[in-house]
There are 2 protein chains.
Amino acid sequence: MSLPHAILTALLEKPSSGLELTRRFDRSIGYFWSATHQQIYRELGKLEGDGLIRALPAEQPARGQKKSYEVLPAGRAELARWTAASQDPKPQRDALLLRLRAAAVVGTAGLESDLRRHLELHGKQLAEYRAIEERDFPPGEDTPAKRLQHLVLRAGIDLETFWTQWLTHALAECEALADGTTA
Amino acid sequence: MSLPHAILTALLEKPSSGLELTRRFDRSIGYFWSATHQQIYRELGKLEGDGLIRALPAEQPARGQKKSYEVLPAGRAELARWTAASQDPKPQRDALLLRLRAAAVVGTAGLESDLRRHLELHGKQLAEYRAIEERDFPPGEDTPAKRLQHLVLRAGIDLETFWTQWLTHALAECEALADGTTA
DNA sequence: GACCTTTATGCAACTAGTTGCAAAACGTGC
DNA sequence: GCACGTTTTGCAACTAGTTGCATAAAGGTC
C-alpha cells in the first residue's frame, strides 16, 4: 500500500501530469517502487478524490488534455504520517533463488544462459546507478535531503554489486557441475 | 507466477500435506517465496486438477483429514521446463527505501525507531541463516544438490549482511541529521 | 457424553498489480 | 480541412496475493 505515497513524494519533488510521473517512475523512484501508467492514473484519481492532491487549473479538463497535479497540505501530512509509521518488512519473493533451489532437484540444464543474462542486466543497472552518483552527488555538497537521497542510491549500488558478485559465483558453480556431468 | 513451482519443488523434496507444506514454507522455501496456507491449498487443488500432482491414497478423503500429495512425472517435467525458461527479473519494490526518499522531503521525524527495529529483524534473520549453514552445510560434504542449496543460502546471508550494514549506516545518518536540527 | 482446544482443510471477499485496448486532442504533411 | 501518427488519458478484465472466517475431525478433561 505504498503507491499513493510514492506518488505524493514524486509530486512534492515536482508537480507533474500523469505521463510525466510515469516517465519519472521509469527513472528514479521506479528503481525501488515501479508502477505502470494505468496504476498511476488510477491512483491520481483516488488521491484527488481524497483531497490529498489537486489538479492545477489548466482550462480544458478534457481527455487527452494534459492535467498537472500538486500536493495539498493534507497530502503532505499523510506522507509524513506514513513515513514515520512502523511497518513490517514485506515477505521476500525472488524467483531466481527459487529456480536455483528447483535446479537442485531437477538439474541445472538450461539455467546457465539465463544466469548470464541476469548478470548482464544487473551489471547495466549498476553502471547506471554509478553514473547517477557521479552526476548528482559530487563530493562536498550535502544538504540533509541530498544526504538521504544519496543513502538510498548507495543501497541500490550495494544491492546490484551483491547480485553481480553472487551471479558470477553461481555461474561458476553451474559450469563446474555441468563439466562434472559430461566428463 | 511461481507459487506452483515452489510447491512442486517442496513436494519433490518430500511428499507432504497442505499443512506440512505451510510449515516448511515458514522455514526454508518461504525465506525467498513466502505463501499463506490459503494460497497453498488453492494451488494444491489447481495442481491436482492439472494432473501435475496427486493425492496419496489415505482412505478417508474427508475434510479435516490429512491429505498428502506427491509429484507426478508431468509435474517434474513442468518444473524442469520452468527452471530452464528465461525470465525477466521482477521490478523491485522496497517500502523502506521509499520511506527514506519521502523523508528527504518531509523530514526524518519518527523514522529512526523503525530503522532500529528493521535492523534488529535483519540481524535475527542473519543469525538464523548462519545457524542453518552450520547445521546443514558442514565443510567437506558436497553433492551437486547440496552445493546449489548452499549457494541459495549464501545469497540469503549476504543479503541480510548488506541490510544490517546499510541500516546501521542509515541510522547514523538520521541521528546526525536530528542532532544538527536540535543543536 | 458435553465441552474445549488443537490440527487440518477450505471458501469468499478484498486489495494490489498487470495487460490489453480505446478514445480524445494535437501536430504535420498534403 | 482531412488523413495519419503521436501524446496523453483512461476503462475493463484479469491475475496474484491477503485477510477473515468456517468447518470437520481428534484428543483431552471433568
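All chains are named by letter (A, B, ...) in the order of the sequence lines, taking the proteins before the strands, and each is independently numbered beginning at 1.
The CD atom of B:Glu48 sits 12 Å away from the P atom of C:dT9 (whole-angstrom rounding). Taking atom OH on B:Tyr41 and atom P on D:dT18, their separation rounds to 17 Å, with Å as the unit. Rounded to a whole Å, the CG atom of B:Leu19 is 14 Å from the C1' atom of D:dA26. Rounding to whole angstrom units, CD of residue B:Gln39 and C1' of C:dA16 are separated by 13 Å. Rounded to whole Å, the distance from CD1 on B:Ile7 to P on D:dA16 is 13 Å. Rounding to whole angstrom units, CD of residue A:Glu43 and P of D:dG10 are separated by 14 Å.
Taking the six-membered ring where the residue is Trp, A:Tyr31 and A:Tyr129 present perpendicular rings, their angle passing 60° and hence far from 30°. Classification of the A:Trp163-A:Trp166 ring pair by plane angle, with boundaries at 30° and 60°, yields perpendicular.
In this structure, of D:dG10, C:dG17, C:dT9, it is C:dG17 that holds the atom nearest to the side chain of A:Arg42. Minimum atom distance to the side chain of A:Gln38 is reached by C:dC21, of the listed C:dT7, D:dT9, C:dC21.
Residue B:Lys67 places at least one side-chain N or O closer than 4.0 Å to OP1 or OP2 of C:dG10.
Taking for each of A:Lys46 and B:Glu20 the nucleotide of DNA chain C with the nearest heavy atom, the 5'-most of the two is the partner of B:Glu20.
At a non-hydrogen distance threshold of 4.0 Å, A:Trp33, A:Thr36 from residues 21-37 of chain A come into contact with DNA chain C.
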